[in-house]
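Given the structure is predicted, the values throughout are model-derived calculations rather than measurements.
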Amino acid sequence: MADNSKVTILTIDDESCIRQSIRTFLEDYGFLVLEAENGKTGIDLFYKERPDLVVLDLRMPEMGGLEVLDALNGSFPDVPVVVASGTGNIDSLVQALHLGARDYILKPILDMEVLYHSIQKCLKETRIKKENRAYQERLEELVKERTLALEQSEQLYKAVFEYTGTAAIILEPDGTISMANSRFVQLAGMDLDDIQGKKKWTEFIAPRDVTALKNYIQAGEKIDGFSGLPIQYEAGFLDETDPKKYVYVSLGKIPGTGRLVMSLLDVTEKKKAEKRWQGLEKQLIKSQKMEAIATLAGGIAHDLNNILSPILGYADMIMRATDPFTNTYRRSEKIRRAALRAADLVGQVLFFNRGESREKQVFQLHPLIAEVIKLLQASIPSTIQIIDQVEKNCGLVRADPTQIHQVLMNLCTNAYHAMEETGGILTVGLRQKKLNPIDMMEYPNLARGPGDYLVIEVRDTGFGMTKDILERIFDPYFTTKEDGKGTGLGLAMVYSIVQSLNGDILVETRPESGSCFSVILPAVTDRICSQQTDACRTECLQGCGEHLLVVDDEPDVVDMWKEGLELLGYAPKAFISSPKALAYFKECHDQVDLVITDQTMPEKTGIEMAKQMIAIKKDLPVILCSGYAGPATRKMVADAGVKKFVMKPVTVETLAGEIQKLLSQR
């Protein structure tokens, strides 16, 4: 008996007893049998299981057998359908056969062997058809292969032209192209009939290279060695579609004639790859420079923050000790403001080079924008008019003011450069916009969703941008400016800052029509949060004689911290040597309530010292301060068990606030 285990048969009949009898009979022969009670279910099951043969009744509810047969034959004509129906209507029989039925059996089926033989016959016919089709396809494939081989053999006489793999032409003594191969036709982007006998080779070579090639040809004709050693020369190739092609030209003389063979190898992609490689090399050099700057910035930041710490601290102490209406207070306030601005600049350098996180504040944008506009008015030429369209009744934002300042300066500087030669109008605007759920379809990058947003607009009337430039403006190191005027990092930094604030940046531009950059930031309409912050800052930070251990290798910083903390009622013990501080702690650790230490110190770092102290006193609160903290330092802080990390410069008030928080948790 034949192996039918891999053959699936679908029976579609509305009478369950008939389906069951057919299934039982066919399963005895090893077939896999599926059942469907009507035409619609049968079609769905057919598409799902893809059976090898269908046994179909004609009279069924919902969808008749003829409809099923028409649907199956239209989509799957190779699947045989055996009609098994009780209707004796000859028209139905003829119509079923016209619709593609392979066989027709009348019900009731008294002898199931008839059905079995019909199925075997249909499966065999299908198999033979498939084999014949495969055989026919193979024959057609062989005919194609033989035809191609014949065509290739017929082309062998072209020797130099078609098998070299390069574009080739034959030149007459006057430079006319008498013969060209298909690769040259493809390279030139012209029809063969428009080249042969009508064009000279000089029409396809860049003018700057024609003279050099003519000299080569003349030299080769004068010395008899030219015919045996073809010369090579890199030249620009001209065609109607792409004037920026490059080829390697090889020239050889055909012996016994005055003709030359010129072979041209297209090296355009090679040249582009070389340019891309040169671009990558430049980016690598820029990246290495930025890495060096980052390393230098870290060291400078540490030193500057150590310098700023006592300036800021003593200014705070003077302000606390004097009347707010005196000149001394006002001068100290200016010193403090200048020190904070310097600290912001140091933080900006760290963010630019290392991506250091910055503390966000809640503030209004229009004073900061006014400061930027004032700075621009003093620095850009009078040929560029600045228009202020800033609305002053907008809400607040939560951001780092230094970063917003950087965003504005980058956008305005780019706008100025776009109008530097021709002059124009630079418009800086600010407005508040409420976005509803429908509006959000236009702003898919705003993760906060519907609500109030502030829109900063910087518009210029410069030369605008093309579509290909617009697609790359936020890519790091991409710039259209000449060397020395741009690093390609400005807009990349702007995009990074805006994204970190859960905002978005949109660009509208057209060549010769200027550009408009719109920075969209979430608005903070609740002013209570900023008032609460101010209230927290003015809370009582007085100590009650708590014993503090203060360690820093900078004497000025240590003295400032010690004096400031003493004024607030603490009892600090100060050291400028971490080993001496550790030795004191080992003897008097029961008397120490909290440790404040710098990180970068000679002999032993703050983290190393803190680890040994915490090993002695498990619940010891430690505040670690540093003028520069890279990612590695932050990880080490967490691993060492240090309770708080504070960036320098830090005021005594800020330090006292952290002290109170940590002591209250004990």
4.5 Å side-chain heavy-atom contact, Asn436 and Pro450: no
So, for Asp556 and Tyr314, which heavy atoms are closest and what is the spacing to 0.1 Å? O-OH, 4.2 Å
What closest approach, in Å, do Ala523 and Gln432 show between heavy atoms, and which atom pair accounts for it? CB-NE2, 4.5 Å
Sequence neighbours excluded, the answer for salt bridge (Lys or Arg N to Asp or Glu O under 4.0 Å) partners of Arg431 is Glu457
Working to the nearest 0.5 Å, report the span between CE of Met465 and OG of Ser515. 3.5 Å
Pairwise salt bridge (Lys or Arg N to Asp or Glu O under 4.0 Å) hits with a residue in residues 513-523, at least two apart: none
Main-chain N/O of Ile425 paired to Thr461 side chain as donor or acceptor, under 3.5 Å: yes
In the structure I gave you, are the side-chain heavy atoms of Ile335 and Ile311 within less than 4.5 Å of one another anywhere? yes
Between the side chain of Lys644 and the main-chain N/O of Lys661, is any donor-acceptor distance below 3.5 Å? no
Is the closest side-chain heavy-atom distance between Leu620 and Val622 below 4.5 Å? yes
Nearest heavy-atom approach of Asp553 to Pro602 is OD2-CD, 3.6 Å
Please give me the minimum heavy-atom distance between Ala399 and Ile404, naming the atom from each residue. CB-CG1, 3.9 Å
With sequence neighbours left out, what residues match Arg320 under salt bridge (Lys or Arg N to Asp or Glu O under 4.0 Å)? Glu653
Test side-chain contact (heavy atoms from CB on, under 4.5 Å) on His547 and Val592; report intermediate values, then the result. CA-CA 5 Å; His547 288 81; Val592 178; 5.6 Å; no
For Lys271, the salt bridge (Lys or Arg N to Asp or Glu O under 4.0 Å) test, sequence neighbours excluded, returns Glu234
Given side-chain contact (heavy atoms from CB on, under 4.5 Å), test Glu421 with Phe463 step by step and report yes or no. CA-CA 10 Å; Glu421 296 181 359; Phe463 45 75; over 6 Å; no
Kindly compute the distance separating OG1 (Thr413) from CD (Gln406), expressed to the nearest 0.5 Å. 10.5 Å
Close side-chain approach of Met609 and Val551, heavy atoms under 4.5 Å: yes
Can you find a heavy atom in the side chain of Met613 that is under 4.5 Å from one in the side chain of Leu549? yes
side-chain hydrogen bond (donor to acceptor under 3.5 Å, both in side chains) contacts in which one or both residues fall within residues 329-339, not counting sequence neighbours: Asp316-Arg336, Asn327-Arg330
Main chain of Pro401, side chain of Gln361: is a donor-acceptor contact present, judged purely on distance under 3.5 Å? no
With sequence neighbours excluded, tell me which residues meet salt bridge (Lys or Arg N to Asp or Glu O under 4.0 Å) with Asp323. none
State which residues pass ring pair (Phe, Tyr, Trp, His ring centres under 6.0 Å) with Phe363; sequence neighbours excluded, sorted by chain then number. none
Would you be so kind as to tabulate the donor-acceptor pairs closer than 3.5 Å made by side chains of residues 557-570, with sequence neighbours excluded?
{"from": "Lys562", "atom 1": "NZ", "to": "Glu566", "atom 2": "OE2", "distance (Å)": "2.6"}
{"from": "Tyr570", "atom 1": "OH", "to": "Leu541", "atom 2": "O", "distance (Å)": "3.2"}
{"from": "Tyr570", "atom 1": "OH", "to": "Gln660", "atom 2": "NE2", "distance (Å)": "2.8"}

Look only at the side chain of Gln599 and the backbone of Ile607, and say whether a donor-acceptor pair between them is shorter than 3.5 Å. yes
Show the nearest heavy-atom pair for residues Val458 and Ala415, with the distance to one decimal. CG1-CB, 4.2 Å
Sequence neighbours excluded and cut-off under 3.5 Å, please list the side-chain donor-acceptor pairs for residues 371-378, or say none.
{"from": "Glu371", "atom 1": "OE2", "to": "Arg341", "atom 2": "NH1", "distance (Å)": "3.4"}
{"from": "Glu371", "atom 1": "OE2", "to": "Arg341", "atom 2": "NH2", "distance (Å)": "3.1"}

Any salt bridge (Lys or Arg N to Asp or Glu O under 4.0 Å) pairs touching residues 490-513, not counting sequence neighbours? none
Sequence neighbours left out, what passes side chain to side chain donor-acceptor pair (under 3.5 Å) with Thr651? Give chain and number order. Thr654
Let me see the working for Val407 and Ile505 under side-chain contact (heavy atoms from CB on, under 4.5 Å), right down to the final yes or no. CA-CA 11 Å; Val407 167; Ile505 181 167; over 6 Å; no
With a 6.0 Å cut-off (strictly less than), is the heavy-atom count around CD of Gln499, excluding the residue itself, greater than 12? yes
Would you say Asp388 and Val428 make side-chain contact, with heavy atoms under 4.5 Å? no
Just how far is it from atom CG of Leu663 to atom SG of Cys544, taken to the nearest 0.5 Å? 10.0 Å
Value for CG (Leu491) from CG (Asn414), rounded to nearest 0.5 Å, stands at 5.0 Å
Rounded to the nearest 0.5 Å, how far does CG of Leu501 lie from CZ of Arg398? 11.0 Å
Measuring only between side-chain heavy atoms, which start at C-beta, is Lys617 closer than 4.5 Å to Asp619? yes
Just list the side-chain donor-acceptor pairs under 3.5 Å for residues 572-589, sequence neighbours left out, or say none.
{"from": "Ser578", "atom 1": "OG", "to": "Lys604", "atom 2": "O", "distance (Å)": "2.8"}

Is any side-chain heavy atom of Leu454 less than 4.5 Å from a side-chain heavy atom of Val519? no
Between atom OG1 of Thr509 and atom CG of Asp460, what is the distance when rounded to the nearest 0.5 Å? 7.5 Å
Taking every non-hydrogen atom, the tightest pair across Ser626 and Asp598: CA-OD1, 3.9 Å
